[in-house]
Every structure is written in structure tokens, then in C-alpha cells.
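Let me begin by presenting the structure, written as C-alpha cells, before commenting on it.
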Amino acid sequence: MASRKLAVILLAAGMGTRMKSALPKVMHPIAGRPMIHHLMDTVSGLDPDHVVVVVGPEMERITASVAPTPTVVQVERLGTGHAVAQARAALADFDGDVLVLYGDTPLITRATLERLLAERRGPRDPAVVVLGFRPDDPGQYGRLVVGAEGLKAIVEYREATDDQRKIPLCNSGVLAIDGKRLWSLIERIDNKNAKGEYYLTDVVALARADGACCAHVEGSPMELLGVNSRLEQAVAEDVVQRQLRDRAMEAGATLVAPETVCFSWDTKLGQDVTVWPHVVFGPGVTIGDNVEIKGFCHFEGCTVEDGAILGPFARLRPGAEIGEAAHIGNFVEVKKAVVETGAKINHLAYVGDARVGAGANVGAGTITCNYDGFNKSFTDIGKGAFIGSNTALVAPVTIGDGAVIGAGSVITKEVSPGSLAVARGSQMELKGWADRFRAQHHKTEG
Ligand code: UD1
Ligand code: MG
């Protein structure tokens, strides 16, 4: 049974009107990636043979984002049963198990889906297995009507009797269906109900009428949280952030104030990393071992090697590669630049489209002038070079190994290895000028 084939249908055609957004609901991010990708990732852990995403009209953004996973368009939004029917052609002749998931329920775990499938593939061979849950506030969820012989029906809140509305066991929407029976059940769903929609939930009563049995398993309310509004999105974000912080600490990082640190789904921290309060990890960050991250840093799309010291208030943007034991200090921004082993950029600097050689020291206020309004150009700083404070390096420009740049320079030409370059107005001094100047003014005022 375990080798049975699996197809997954993800329903994402809903408008998500309560999000009040131009972006389709399932494209809204949780921990730095769209909700639908959280689900797709969980689903891929089940190694399905087919995945089909049902989208609404004008949702090309979802189609592009889930590619190469195929999407089918539900032109008219006639209900969850109708949405599943749209996947029929894409799953022609498929007779394994079919899992139906909702795109706006992104926190569901693989373990729960595996339990659902195990029940479906179990000895009772139920036609449909529904994932139920017991939320604190059952509100208007559909209710699972369960008898001695298993799941009897799902009743939508609008059609439920007063007694049925008291049932605490709710329908999460997630279900597993025997693919051999799926389409004959879907075909028979009608829309004679309070909403005038084709309810997927009707497959339970239809299967029972055929003499098949149905079953349910239960999941936790937290993982079945549906995201319909920005408020619910924030709750889901909070749940995922807690999981990510726990995971980081379990893997050997110290988070001094965990609740102030925001991770992305793909943040990688090495061992013995210390993260001080208020640090944000955007997508694509990898941090090595023994790295110290002081407060108020913001990172995305960067790598940091072992033993580096970052912040406070450091910003690493995409393409920043910080080498072993390098220091990036306060109010330093690094973009698309390789900072080699032991190099230091400690105060108030912008380094973009550059290489900073091993052991180089970049003084306070240094700027790589990488952009002329049209093109980006490269700055190459050799190993062991010393860039004096408040230097402007006008790219493209190369500073040789071990060269020294005098403070306040505007460097526009190559500096050869081992030399000193100073490019600023030279200092002049007029002895006694200030005294004479003041004396003259006192005279005219008096
Ligand atoms: C549905 C269930 C209800 C369950 C609840 C859990 C039905 C009839 N009812 O109700 O029992 O308790 O979810 O949240 O299924 N969708 C489409 N096309 C459509 C309609 C919906 O793709 O034509 C998608 C939506 O994008 C969404 C999902 O299906 O991802 C659920 O649709 P929604 O309208 O929210 O169903 P509920 O009324 O909440
Ligand atoms: Mg809903």
C-alpha cells in the first residue's frame, strides 16, 4: 500500500478579498516566502507523482511562481468541489490517492499529511479521509458528523442544525480521497445549498451513499490556521518565527532575546553563533560558526564565514560575502562585495561591487562610488591595504596590496601596491591671519 501513487491538488483560486491586496492571497509571504511555497515544500516531502495548483483568472503571478508545477485556471469560482473538478484533465487516468489542500493553510505539517494518507491506505480502505480539528472558536467552519461506523458527513455551517453547530470537531478542508472513486464522486456534487456552490465536502455523504466508509484524523488548530486577513497572516508569521527561533537554538545558536529576532525560512546559522537583540534575517542568509551578531543588524542574500563579528547596526545586502574573522561594524553597508579573511570595515561605510583583500582596513566613512547613474563599477582593494577615513573610491579603481590611502582622499586612479596615495587639497597655513582678521572686525564694529 505504501507504494501507492499520490497526486496533490492545491486550491488557490480564492480572491482573498479580506487581505485587501493587489497580490493574490497565497503569494503573501510568511517568513520570507509565499504561503503557497511553504505548502509546496511540505508536499514535496511526500514525494508526490503529481501536483496541480488550481488558480483563479489573472493569477499569472502564482503560475509563474510555482512553475514548473502545472496550474489550471478555475474561470468561475463556483465552490471547492468545482475547483477540484478543474484538475481532472491534468490527472487523467490517475488512480492513486489524491490529497486536496487549501493554499491559505500554509502551516500544515508533513507528519499530519502522512497520518492522513496512512489512514486512507489502511485496512478499512475509506473512500475519503478528512482532516478535522478542534479550534477554540469553531465559528463558521464546517462540522464533522461522526458515528460509530466512522465519518458520516460534513455539514457546512449554514446548513447545519443547531445540534450540529454544537459539534466541536471542524473541517480543516484538507482531505485524502481514493483516486479510483474521486471523479465519480465529484461529478455528482450539486449546488443545491445555501451558498449555491459546489461543496467538495459533499463527497463524504456521496461516498457513504455508495456504501463506502469514510474516516477522519485530527490535526492541531495551530497548524491548520487559515490565513484570510493581515491579522491572521501576522499570527501565522508569529507561529513560524517561534519555530525558526527554536530550531536555531536547538542547533547551537545563542539568541539573547529570541522574540526580537526575525528569521527567514532558509536562514542557516552555524554553531556557537550569538545573536544579540533586534536582528532581521531576510531570505538567503548563511552564517558560519562562532560568528557574533550584535544588535540591530539587517541581512539578506549574504554569507558570513566563521569567526566574523558583525554590527551593531550592520547591513549586509545581496551578494555580500564576509570572510573568516572579518569585522563589519556599526552603520556599515556591504552589497555584492567580497570581504576577505580578517578584513575590517568598522564604522560608517558603504562598500558595494568590490573586493576587500585579506587583512585590509577600511577607515570610517569610506565610500565605494560604484554607480554613475547608469553603470555599476568595481573597486578592488588589495590585501593589507589601509584606506584612510572619509575616502571616496571612485570606481572602477584598484588599490594595490598593502597601499595606504590618506584620509579624506577622492581616489580616481589606480594605486600601486605598497605606495601612499593622497588625493585632497593640500593644507596651507597663513601665520597670524586669524588674529588680524578678528582685530579688523572689532575695529569697524567699535
Ligand atoms: C471550506 C469548507 C469548510 C471548512 C473550511 C475550512 C467547503 C464547502 N467548505 O469553507 O467545511 O470548514 O473551508 O477553512 O469546502 N477555492 C477555490 N475555488 C472556489 C472556492 C474556493 O479555489 O471556487 C479555494 C479557496 O481559494 C480556498 C479554499 O478553496 O483556498 C477554501 O475556500 P473557502 O471559500 O474559503 O471555503 P470556506 O467557506 O471557508
Ligand atoms: Mg475559508
Side-chain angles (χ1 to χ4, degrees), residues 8-19 21 23-28 34-36 38-40 43 52-59 62-63 66 71-88 90 99-108 128 130-135 137-146 151 153-160 164-165 167-175 177 185-186 189-206 214 216 218-219 221-229 232-233 236:
V8 179
I9 302 174
L10 285 172
L11 301 190
M15 299 292 288
T17 41
R18 278 183 284 158
M19 294 297 281
S21 174
L23 191 67
K25 177 162 76 174
V26 299
M27 293 303 292
H28 281 262
M35 284 188 238
I36 187 121
H38 284 268
L39 264 182
M40 305 254 303
V43 159
V52 182
V53 182
V54 181
V55 298
E58 290 167 33
M59 288 189 177
I62 304 180
T63 303
V66 302
T71 48
V72 294
V73 179
Q74 184 191 21
V75 178
E76 277 185 292
R77 202 173 172 278
L78 302 179
T80 46
H82 180 258
V84 168
Q86 309 310 304
R88 186 169 187 166
L99 201 56
V100 179
L101 300 175
Y102 289 177
D104 63 355
T105 310
L107 307 187
I108 190 161
V128 183
V130 174
L131 182 59
F133 70 128
R134 296 172 193 268
D137 173 16
Q140 304 211 349
Y141 285 116
R143 303 299 207 268
L144 303 193
V145 182
V146 181
L151 182 63
I154 304 175
V155 285
E156 287 306 293
Y157 184 82
R158 292 201 196 195
E159 278 90 21
Q164 287 170 332
R165 287 180 179 183
I167 297 173
L169 184 60
C170 294
N171 175 29
S172 70
V174 177
L175 45 81
I177 310 186
L185 294 170
I186 294 284
I189 296 175
D190 65 31
N191 63 353
K192 297 190 187 80
N193 53 49
K195 273 172 123 180
E197 286 188 0
Y198 295 86
Y199 290 167
L200 176 62
T201 45
D202 285 353
V203 291
V204 173
L206 288 166
C214 294
H216 78 282
E218 287 190 41
M222 202 161 74
E223 70 176 304
L224 297 173
L225 189 98
V227 177
N228 300 293
S229 65
E232 286 168 350
Q233 182 186 10

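Please read these numbers as outputs of a predicted model, since none were measured by experiment. We count ligands from 1, going down the list as the structure has it; atoms in each ligand are counted the same way. All heavy atoms count here, side chains included; hydrogens, waters and symmetry mates do not.
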Response to the item:
Under 4.0 Å between heavy atoms, the region of K195 that gets near ligand 1 turns out to be side chain

Worksheet item: Is the shortest N/O to N/O distance between G79 and ligand 1 below 3.5 Å?
Response: yes

Worksheet item: With backbone taken as N, CA, C and O and side chain as the heavy atoms from C-beta onward, which portion of N228 lies under 4.0 Å from ligand 1: side chain, backbone, both, or neither?
Response: neither

Worksheet item: Excluding sequence neighbours, so at least two apart, what forms side chain to side chain contact (heavy atoms under 4.5 Å, CB included) with S21?
Response: M19, L23, H28, R230

Response to the item:
min-distance protein heavy atom vs atom 36 (O) of ligand 1 -> T80 CG2, 4.5 Å

Discussion item. Residue-level breakdown please: for C170 versus ligand 1, do any non-hydrogen atoms fall below 4.0 Å on the side chain, on the backbone, on both, or on neither?
Written reply: neither

Worksheet item: What part of A13, side chain, backbone, both or neither, has a heavy atom within less than 4.0 angstrom of ligand 1?
Response: both

Worksheet entry | Heteroatom distance test (N171, ligand 1): nitrogen or oxygen, under 3.5 angstrom | yes

Worksheet entry | Interfacing atoms of ligand 1 (cut-off 4.0 Å, heavy-atom, G142) | 3 (C), 4 (C), 11 (O), 12 (O)

Worksheet entry | Shortest reach to atom 3 (C) of ligand 1 by a heavy atom, considering only E197, E156, K25 | E156

Discussion item. Taking the cut-offs as 6.0 angstrom to the six-membered ring centre and 45 degrees off its axis, would you call R143 and Y157 a cation-pi pair?
Written reply: no

Worksheet item: When you look for heavy atoms under 4.0 Å from ligand 1, do you find them on the side chain of H82, its backbone, both, or neither?
Response: neither

